[in-house]
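The sequence lines fix the lettering, A, B, ..., with proteins before strands; numbering per chain opens at 1. Values in this document were obtained by computation on a predicted structure and should not be read as measured data.
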Number of protein chains: 2
Amino acid sequence: MERQVDKKPTRDILRERNRMALITATLDCVAELGIAGTSVSAIIERAGLSRGMIHLHFDGKDKLLEEAAQQLNAQYYDTLDAALLAAGPSPEEQVEAIVRTDLSVDLLNERYANIWYAFRGEARKRDSIAVFSNTRDARLRNRIFQTFLAIARSAECPEPEQVARDAAHGTLALLEGMWADFLLHPHAFRREEATRIVLRFLAGLFPSHFTLSGAQPAER
Amino acid sequence: MERQVDKKPTRDILRERNRMALITATLDCVAELGIAGTSVSAIIERAGLSRGMIHLHFDGKDKLLEEAAQQLNAQYYDTLDAALLAAGPSPEEQVEAIVRTDLSVDLLNERYANIWYAFRGEARKRDSIAVFSNTRDARLRNRIFQTFLAIARSAECPEPEQVARDAAHGTLALLEGMWADFLLHPHAFRREEATRIVLRFLAGLFPSHFTLSGAQPAER
DNA sequence: TCGAAAAATGGACGCTTGTCCATTTTTTGG
DNA sequence: CCAAAAAATGGACAAGCGTCCATTTTTCGA
């Protein structure tokens, strides 16, 4: 019986390496230079490869940008999924894991925020990026909604669907706002403060399910 | 005694008109084509003027973009100030006016949102735009913080400064998130729902100062 | 080991960009 | 009404863009 390992030719390994180098270089350029500054020349210079590679591995600059956006998206979900797996199984723990992970340094950092907002700014024009952006949004939205629905039902709310929808909507909007805050003031940003505020929001909605460890309640 | 009215030469009036036409055309282009699509050719075509005008009225495309951003900023504050003047004088009414105005169709519409996020995406690279963006943020942040501080003191919170800071931070982040939500799903967006969620947040922080008219509390 | 095939190179190409300026048109004040 | 001044025009220009392809280099399978 032949070993399947090491069966893949060197050629393909090197090919894949260059492919990834192009994607990484593209994301680096977007983070540092913005979309406008991310030219083919800038990308291939950073990747240390030749001009023609972009046309060989992708079908031009647009496709490269699209695949770079998809890879970024995949990284986001890999990190989130790992955190959700490590967290406890209860809805409260899952929600808190989403919040803390989304605000953690693994996801909310200067590189990631720069790329994210650069893409969003041009998403309207480029369908490829808009699709990926919406997909990310929809997946996360649905997951967090289901979690809140379980909480709302266990809390015996009058209208659990509406409450869960509001909770999901508000939590995502808050997280989004924290990202924008970080983008504009990366040095003044305080991770604990951002986390505390989101938890304040949740504690306001579900007082018996979320508590502020360390933070005083706003009113007695 | 000479009349001062009509003293200004026709020349200056026409000059100013063309200047404004360039700024408006620039903002239209950014809204429809994105920053990348906003070329000098696109701008002058939309304005119905000749190429050289950009260099005559401004000192090139960059300055034009900067002044366009400043004008957008001025429009935002004019609308907000008018709403605050029309609203009642109490801190609660002032906060609610900010929220409702920020989410009103006068400010939160497709044109405005497109321009806003297009600028933000490239703000990192262009100092001129970044400065205006931060200024807007700082002005609004301070105003809303002072208002919350009054509320927190009247509510006799244990730490009014921290509570007011959290409330201002959270409210702005929520509004920011609602804008992003509108940008991505302008048709699915529900203005009342967004407003209700922000008020839920405020009611959670200050139960005796904000109430949800029409909305059920999440828990009894 | 060697011919075939795949991968990588980098220069040439046409096109668009923003800037600038010689020219024309309009407006002004006497 | 007319000369001087201001405003507006639009083409020329160099620089930079993304694409493409003839050529060279590397890897593969027999």
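Distance, N18(A) CG to dA6(C) C1': 13 Å, rounded to whole Å. Atom P of nucleotide dA7(D) and atom CD1 of I44(B) are separated by 20 Å, given to the nearest angstrom. A straight line from NZ of K61(B) to P of dT17(C) spans 9 Å, rounded to a whole angstrom. Distance I43(B) CD1 to dG18(C) P: 7 Å, rounded to the nearest Å. In this structure, CG of D12(B) is placed 18 Å from P of dT26(C), rounded to the nearest angstrom. In this structure, the CZ atom of F58(B) is 12 Å from the P atom of dA8(D), given to the nearest Å. Residue R19(B) contributes atom CZ, which lies 12 Å from atom P of dA8(D) at whole-angstrom precision. If you take CD1 of I13(B) and C1' of dT28(C), they are 14 Å apart, rounded to a whole angstrom.
Among dA7(C), dT19(C), dA7(D), the nucleotide with an atom closest to any side-chain atom of R15(A) is dA7(C). Of the candidate nucleotides dC20(C), dG18(C), dC20(D), dC20(C) has the atom lying nearest to any side-chain atom of H55(B). Of the candidates dA8(D), dA12(D), dT19(D), the closest approach to any side-chain atom of R51(B) belongs to dA12(D). Ranking dT27(C), dT9(D), dC28(D) by closeness to the T10(B) side chain, first place goes to dT27(C). When the nucleotides dT9(C), dG18(C), dA8(D) are ranked by their closest atom to the side chain of V40(B), dG18(C) comes out on top.
Between F201(A) and F201(B), the angle of the ring planes lies from 30° to 60°, which puts this pair in the tilted group.
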side-chain hydrogen bond (donor to acceptor under 3.5 Å, both in side chains) between H169(A) and D181(B), intermediate numbers included: CA-CA 9 Å; H169(A) 194 170; D181(B) 202 38; 2.8 Å; yes

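The number of heavy atoms from other shown groups lying within 6.0 Å of CD (E45(A)) does not exceed 12.
Where T38(B) and L14(B) each meet DNA chain C at their nearest nucleotide, the meeting point lying more 5' is that of T38(B).
Without hydrogens or angle criteria, Y76(B) side chain to L107(B) main chain gives no donor-acceptor distance under 3.5 Å. Here the side chain of E92(A) pairs no donor or acceptor atom with the backbone of F210(A) at under 3.5 angstrom.
As judged by a 4.0 angstrom heavy-atom cut-off over every strand, G60(B) is placed among residues touching the sugar-phosphate backbone only.
Phosphate proximity of dC17(D) to S39(A): present, with a side-chain N or O under 4.0 Å from OP1 or OP2.
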